[in-house]
Novice: 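One structure coming up, written as structure tokens, with questions to follow.
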Amino acid sequence: MIEGWSVVPERAAVDAAGPNAEVAHGDGVTFAYGADALVVIVDAGDRPHGNAVDDANTLMLREPLPSEATEWISSKNKSNQPLLGFVKMADGCLALGELYQATSTYRGMDPYTGEEGSLASAMLTWDERLPPELLDTVRPTPALPLPGIDWLDDVPQDLTRALRSFLTAWYADVPVAPATPHRAAMKLPPPLLAFHDIAAGREEILGRQDFIEPLDEIEYLEDEPLVVFAAENQGVWVALIDPTEDDPVVWYDGGPQRLRERERLSGFLLQFALNEAVSTSPFTGFATVTPESLDRFVEDLVPVPLQPMRVPGDPTRHWVAPGLVAMAADYGESGIWLSVGSRQRSALRPLRSRLDWEHFNG
């Protein structure tokens, strides 16, 4: 075992809760509650949507969880009892030390008492980050086929075809659900109609961070020949087009004056999809970087040959590799915000040691 980290028998991990501790089992996780502590023991393994170690100092709990465990976590909060973490491996349980709740979400709340409902998820952290070789042991990551970047070849001559190829490959793991066709109240440009055709049955393509308006909710601005077709998640801006044009100019409305996007609608939609791929993928990383460190970071990535986007920072540029999208948003004096995203953890793993990441779960 790596120096500074200890492995104890599973019985000893349970006993850390105190004598006569109560034990409850969930999917890939065991809880022990006693007079001394609440103990959480997760099984080793890579379970992006389950109970598991997520990154070098984060453990995720997700519903369904044993009802006793959600009550114990609530009791711990009230009593300030320590929360101790372990990872169950083949040769014993790796001791993570004391855990702290970074964030928690609850399912429902009693409208009369204000009492929280059942625990839906919890992000638990600990102080000392796992070394990479130990992280790879407790969270082995399978290497799976990655979507390619052949769609880049279509960018110079057919942006809509490039968009379709990118989205189809990127969201290949998302089932297409039955969808009721929506109709717009006016004629709309072909690139926007194509985007909605690609997204039919997969709502996440319309955006989770920012979003493209459903066809039946696209409306004209009052007293103007422009429609709102997209919006920022907190209402900072809405995006406008003239729907009578085949590939119209995109305008942002929300600041002191309207701002024109550099690419027309077809380019904007591809850049929007890349932004969402970075921001909402299950495996992400971000760091504030200098221009020099950004240049070094993207040396072996392929730039997307479009003019820089104006949001979320101006300029915002994109690079890709198989299964990976990187986005650098320049916020001026606040620095350059570099984000990476993938739907497969293995695509991020080679980047793990290349920057001092503020967050990274690859």
Side-chain angles (χ1 to χ4, degrees), residues 1-2 4-10 12-17 21 23-34 36-77 80-107 118-142 281-286 345-346 348-349 352 357-362:
M1 183 51 60
I2 294 175
W5 297 88
S6 61
V7 173
V8 302
E10 185 176 0
V14 172
D15 288 345
V23 177
H25 300 279
D27 184 15
V29 63
T30 298
F31 298 90
Y33 184 65
D36 297 338
L38 170 59
V39 171
V40 179
I41 307 170
V42 295
D43 295 350
D46 187 21
R47 293 179 295 280
H49 306 293
N51 303 305
V53 169
D54 190 50
D55 62 31
N57 66 334
T58 303
L59 183 157
M60 290 298 303
L61 299 177
R62 298 179 175 91
E63 62 180 353
L65 294 166
S67 58
E68 306 97 314
T70 62
E71 292 173 7
W72 295 340
I73 291 173
S74 178
S75 298
K76 185 210 77 68
N77 288 340
N80 290 322
Q81 226 178 4
L83 177 61
L84 304 179
F86 295 85
V87 182
K88 182 180 178 181
M89 303 190 299
D91 57 347
C93 292
L94 173 71
L96 302 176
E98 186 167 358
L99 305 179
Y100 309 94
Q101 288 193 61
T103 60
S104 299
T105 60
Y106 291 84
R107 178 74 61 189
S118 61
L119 182 69
S121 68
M123 178 187 292
L124 309 177
T125 65
W126 61 92
D127 290 332
E128 187 175 355
R129 296 174 64 86
L130 294 174
E133 57 271 34
L134 188 52
L135 176 60
D136 290 344
T137 301
V138 304
R139 195 206 60 194
T141 301
S281 289
F283 308 114
T284 58
F286 58 79
R345 201 190 300 271
S346 59
L348 291 191
R349 176 166 284 184
R352 187 162 61 190
W357 298 96
E358 296 162 48
H359 159 80
F360 192 85
N361 66 352

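Computed from heavy atoms alone, side chains included, the values below leave out hydrogens, waters and symmetry copies. Predicted model, so just to flag it, every value in this text is computed and none were measured.
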Novice: Quick one: pull up CG in Asn361 and OG1 in Thr58 and give me the separation to the nearest 0.5 Å.
Specialist: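 Atom-to-atom, Asn361:CG and Thr58:OG1 are 8.5 Å apart.
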Novice: Just one of Arg349, Arg129, Arg352 clears the side-chain contact (heavy atoms from CB on, under 4.5 Å) bar with Leu135, so which one?
Specialist: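 Testing each of Arg349, Arg129, Arg352 against Leu135, the sole residue satisfying side-chain contact (heavy atoms from CB on, under 4.5 Å) is Arg352.
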Novice: Could you measure the distance from the CG atom of Leu65 to the NE2 atom of His25? Nearest 0.5 Å is fine.
Specialist: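 Between Leu65 CG and His25 NE2, I get 14.0 Å after rounding to 0.5 Å.
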Novice: Compare all side-chain heavy atoms of Arg345 with those of Pro48 and state whether any distance is below 4.5 angstrom.
Specialist: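 Yes - at least one pair of side-chain heavy atoms lies under 4.5 Å apart.
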Novice: Can you list the residues that meet the ring-ring contact (aromatic ring centres under 6.0 Å, His included) rule with Trp126, with sequence neighbours excluded?
Specialist: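 For Trp126 there are no ring-ring contact (aromatic ring centres under 6.0 Å, His included) partners, ignoring immediate neighbours.
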Novice: Would you name the heavy atoms of Gly28 and Arg47 that are closest together and state the gap between them?
Specialist: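 The answer is O-NH2, 3.7 Å.
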Novice: Between the main-chain N or O of Gly26 and the side-chain N or O of Thr30, is there a donor-acceptor pair closer than 3.5 Å?
Specialist: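 Not confirmed, Thr30 side chain does not pair with Gly26 backbone.
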Novice: Within the structure provided, determine whether Val42 and Val138 are in side-chain contact (heavy-atom separation under 4.5 Å).
Specialist: no
Novice: Determine whether a donor-acceptor pair (N or O, by modelled atom type, separation under 3.5 Å) exists between the side chain of Thr70 and the backbone of Ser67.
Specialist: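 Yes.
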Novice: If you look at every heavy atom in Ala44 and Thr137, which pair is closest and at what distance?
Specialist: CB-O, 4.4 Å
Novice: Would you say that more than 12 heavy atoms from the other residues, nucleotides or ligands in this model lie under 6.0 Å from the CG of Asp136, or not?
Specialist: yes
Novice: Between Val7, Val8, Leu94, which is the residue that forms a side-chain contact (heavy atoms from CB on, under 4.5 Å) with Phe86?
Specialist: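 Among Val7, Val8, Leu94, the one meeting side-chain contact (heavy atoms from CB on, under 4.5 Å) with Phe86 is Val8.
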Novice: Is the shortest heavy-atom distance from the side chain of Asp54 to the side chain of Arg139 under 4.5 Å?
Specialist: no
Novice: Is there a side-chain contact between Leu124 and Leu61 in this structure, where contact means two heavy atoms from C-beta onward sitting under 4.5 Å apart?
Specialist: yes
Novice: Side chain of Arg62, backbone of Gly50: donor and acceptor closer than 3.5 Å?
Specialist: yes
Novice: State, yes or no, whether a side-chain contact exists between Leu38 and Ile73 at a heavy-atom distance under 4.5 Å.
Specialist: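 In short, these two side chains touch, coming nearer than 4.5 Å.
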Novice: Quick one, Tyr100 and Asp127 - any side-chain contact, counting heavy atoms below 4.5 Å?
Specialist: yes
Novice: Rounded to the nearest 0.5 Å, what separation is found between the CG atom of Leu83 and the CH2 atom of Trp72?
Specialist: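 Spacing of CG (Leu83) from CH2 (Trp72) equals 12.5 Å.
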Novice: Taking Asp43's backbone N and O only, do any of them form a donor-acceptor pair with Asn51's side chain (distance below 3.5 Å, no angle check)?
Specialist: no
Novice: Looking only at side-chain N and O atoms, does Thr105 offer a donor or acceptor that is under 3.5 Å from a partner on Ser121?
Specialist: yes
Novice: Go through the steps to decide whether Ser104 and Leu119 satisfy the test side chain to side chain contact (heavy atoms under 4.5 Å, CB included), and finish with yes or no.
Specialist: CA-CA 7 Å; Ser104 299; Leu119 182 69; 4.1 Å; yes
Novice: Is any side-chain heavy atom of Tyr33 less than 4.5 Å from a side-chain heavy atom of Val23?
Specialist: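 No - every pair of side-chain heavy atoms lies 4.5 Å or more apart.
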Novice: Looking only at heavy atoms, which two atoms of Pro131 and Trp5 are closest? And how far apart?
Specialist: CD-NE1, 3.6 Å
Novice: Looking only at non-hydrogen atoms, find the nearest pair between Ser346 and Pro142 and report the distance.
Specialist: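 Shortest heavy-atom separation between Ser346 and Pro142 comes out as CB-O, 3.7 Å.
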Novice: Check the pair Gln101 / Met123 against side chain to side chain contact (heavy atoms under 4.5 Å, CB included), numbers first and verdict last.
Specialist: CA-CA 6 Å; Gln101 288 193 61; Met123 178 187 292; over 6 Å; no
Novice: Which heavy atom of Asp55 sits nearest to which heavy atom of Val53, and what is that distance?
Specialist: O-CG1, 3.3 Å
Novice: Which pair of non-hydrogen atoms, one from Ala17 and one from Ala32, has the smallest distance, and what is that distance?
Specialist: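 Nearest heavy atoms, Ala17 then Ala32: CB-O, 3.6 Å.
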Novice: With distance as the sole test, does Asn57 use its side chain to make a donor-acceptor pair with the main-chain N or O of Glu128 at under 3.5 Å?
Specialist: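 No.
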Novice: Side chain to side chain contact (heavy atoms under 4.5 Å, CB included) for Ile41 and Val14? Distances and angles first, verdict last.
Specialist: CA-CA 8 Å; Ile41 307 170; Val14 172; 4.0 Å; yes
